[in-house]
Novice: 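Have a look at the structure that comes next, please.
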Amino acid sequence: EVEDRDWLAEWKKHWRPTETAKFIIAPTWELIENADKIVIRIEPSMAFGTGTHETTRLCLKAIEENYRAGETFFDVGTGTGILAIAASKFQASSYNSQIVGCDTDDNSIKIAKENAELNKTENIEFYAGSISENTPAFDFVCANLTADVIVPLLPLLIEKTKRILVLSGILKNQEDLIIEELRKFQISDFQIETDGEWLSIKVKNEK
């Protein structure tokens with residue numbers, strides 16, 4: 001038997017802000033004193049994404065190093081909206097760039113919209129669904145999913161990326177699987193970053 005307690009409150013006790021080179025991802029209740037970095041406030045509720053996971057950090061690193069001011073941005077599998085919000089705060093807010101996030105979970109979209117409002121990044125469009133043939137092309141595309149979801153979506157992800165595609169949610173032992181799939185599209189220009197047992201793959205599609 002386990003004594004009943006406020007489990008949500010217990011979980012919150014152990015969630016601390018996550019820092020990358022240029023971002024701090026923090027829960028809404030945490031006091032942040034480092035004013036030199038871009039602060040993203042997140043209330044996750046029941047959606048995936050607190051900013052602490054290695055795959056999120058890998059995607060944030062890719063945004064920090066590669067996302068250009070004024071570019072369009074598409075976050076496939078947005079969860080709590082962290083990556084779309086990061087793009088908006090990092091470069092796009094003053095340029096009125098198109099930033100879009102999608103997720104197949106309706107509840108995630110609701111929470112992502114709330115987080116965007118919390119961060120005053122109302123320029124982001126969130127919708128319930130996935131990437132499709134009707135999706136326009138974007139300069140920068142992030143797909144922080146899982147390998148089994150990425151593989152069937154890869155043709156569309158490549159087609160809808162104008163410049164940079166970031167794939168994450170991939171375990172190190174799945175690296176060969178994704179690389180083999182990329183080579184089917186004659187893609188050899190990619191860069192792999194690792195964090196713990198996870199990795200991201202950055203594909204350049206510059207013409």
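Along the sequence shown, the residues carry numbers beginning at 1.
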Novice: Would V166 end up clustered with I178 when hydrophobic side chains under 4.5 Å apart are linked, directly or stepwise?
Specialist: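 V166 does not cluster with I178.
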Novice: Determine whether V203 and Y67 fall in the same hydrophobic cluster, where Ile, Leu, Val, Met, Phe, Trp and Tyr are linked whenever their side-chain heavy atoms lie under 4.5 Å apart.
Specialist: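 The answer is no; the residues belong to distinct hydrophobic clusters.
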Novice: Report the distance from atom CZ of R163 to atom CZ of R68, rounding to the nearest 0.5 Å.
Specialist: 3.5 Å
Novice: Just how far is it from atom CD of E159 to atom CG of N205, taken to the nearest 0.5 Å?
Specialist: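 Result: 11.0 Å between the selected atoms.
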Novice: Measure the spacing between SG of C59 and CG of N144 and express it to the nearest 0.5 Å.
Specialist: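 Taking SG in C59 and CG in N144, the distance rounds to 4.0 Å.
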Novice: Does any N or O in the side chain of E64 come within less than 3.5 Å of the main-chain N or O of K22, such that one atom is a donor and the other an acceptor?
Specialist: yes
Novice: Once rounded to the nearest 0.5 Å, what's the spacing between atom CG of L83 and atom SG of C142?
Specialist: 5.0 Å
Novice: Given 3.5 Å as the limit, does a donor-acceptor pair link the side chain of T121 with the main chain of A116, or not?
Specialist: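 Judged by distance alone, yes, a pair lies under 3.5 Å.
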Novice: Determine, step by step, whether T78 and I109 satisfy the side-chain contact (heavy atoms from CB on, under 4.5 Å) criterion, reporting the C-alpha distance in whole Å, the side-chain angles of both residues, the deciding distance to 0.1 Å, and the verdict.
Specialist: CA-CA 8 Å; T78 195; I109 293 302; 4.1 Å; yes
Novice: Within the supplied structure, the quantity of interest is the number of heavy atoms (other residues, nucleotides, ligands) at a distance under 6.0 Å from E117 CD; does it exceed 12?
Specialist: no
Novice: Write down the atom of F185, the atom of P155, and the distance for their closest heavy-atom approach.
Specialist: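 For F185 versus P155, the nearest heavy atoms are CZ-CG, 3.6 Å.
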Novice: According to a hydrophobic-cluster definition based on side-chain heavy atoms being under 4.5 Å apart (Ile, Leu, Val, Met, Phe, Trp, Tyr only), do V76 and I99 belong together?
Specialist: no
Novice: If you compare all heavy atoms of D103 against all heavy atoms of G79, which two are closest, and at what distance to 0.1 Å?
Specialist: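 Closest approach of D103 to G79, heavy atoms only: OD2-N, 2.9 Å.
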Novice: Kindly indicate, with the supporting measurements, whether the criterion side-chain contact (heavy atoms from CB on, under 4.5 Å) is fulfilled by F138 and T161.
Specialist: CA-CA 5 Å; F138 290 81; T161 300; over 6 Å; no
Novice: Using a 3.5 Å distance criterion without hydrogens, assess whether the side chain of K37 forms a donor-acceptor pair with backbone atoms of E19.
Specialist: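 A pair under 3.5 Å: no.
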Novice: Could you check if a side-chain atom of F74 sits within less than 4.5 angstrom of a side-chain atom of T72, using non-hydrogen atoms only?
Specialist: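 When only atoms from C-beta onward are counted, T72 and F74 do not touch, as no gap falls below 4.5 Å.
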Novice: Does the pair K110/E114 count as a salt bridge with the N-to-O cut at 4.0 Å?
Specialist: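 Between E114 and K110 there is a salt bridge, with a charged N closer than 4.0 Å to a carboxylate O.
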Novice: Step by step, would you call T135 with L156 a side-chain contact (heavy atoms from CB on, under 4.5 Å)?
Specialist: CA-CA 9 Å; T135 302; L156 276 173; over 6 Å; no
Novice: Which heavy-atom pair separates E175 from I170 by the least distance, and what is that distance?
Specialist: N-CG2, 4.4 Å
Novice: Distance-only, no hydrogens or angles: does the K160 side chain make a donor-acceptor pair with backbone N or O of N134 under 3.5 Å?
Specialist: no
Novice: Just checking, any donor-acceptor pair under 3.5 angstrom between side chains of T80 and N115?
Specialist: no
Novice: Applying the 4.5 Å side-chain criterion to the ILVMFWY set and letting contacts propagate, would I164 and I158 be lumped into a single cluster?
Specialist: no
Novice: Under 4.5 Å between side-chain heavy atoms, counting indirect links through other Ile/Leu/Val/Met/Phe/Trp/Tyr residues: same cluster for I38 and I82 or not?
Specialist: yes
Novice: Quick check: do L60 and I25 have side-chain heavy atoms less than 4.5 Å from each other?
Specialist: yes
Novice: Any idea which heavy atoms bring I63 and F90 closest together, and the distance?
Specialist: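 Closest pair (atom of I63, atom of F90, distance): O-CE2, 3.4 Å.
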Novice: Can you name the nearest heavy-atom pair linking E71 to S97, along with the distance?
Specialist: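 Minimum heavy-atom contact is O-CB, 3.3 Å.
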Novice: Identify whether the distance between the nearest side-chain nitrogen and carboxylate oxygen of E181 and K184 falls below 4.0 Å.
Specialist: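 Salt bridge between E181 and K184, a charged N being under 4.0 Å from a carboxylate O: yes.
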Novice: Return the NZ to CG distance between K61 and N66, rounded to the nearest 0.5 Å.
Specialist: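 Answer for the NZ-CG pair, K61 versus N66, is 8.5 Å.
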Novice: Between T55 and S168, which heavy-atom pair has the shortest distance, and what is it?
Specialist: CB-OG, 3.5 Å
Novice: Within a reach of under 6.0 Å around NZ of K120, are more than 12 heavy atoms found that belong to other residues, nucleotides or ligands?
Specialist: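 For K120, atom NZ is not crowded (no more than 12 foreign heavy atoms under 6.0 Å).
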Novice: Just how far is it from atom OG1 of T20 to atom CZ of R57, taken to the nearest 0.5 Å?
Specialist: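 Going from the OG1 atom of T20 to the CZ atom of R57 covers 9.5 Å.
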Novice: Any side-chain donor-acceptor pair under 3.5 Å between T146 and D148?
Specialist: yes
Novice: May I ask you to test the L171-W198 pair for a side-chain heavy-atom distance under 4.5 Å?
Specialist: yes
Novice: Could you walk me through whether F73 and S88 pass the side-chain contact (heavy atoms from CB on, under 4.5 Å) test, one step at a time?
Specialist: CA-CA 9 Å; F73 183 92; S88 178; over 6 Å; no
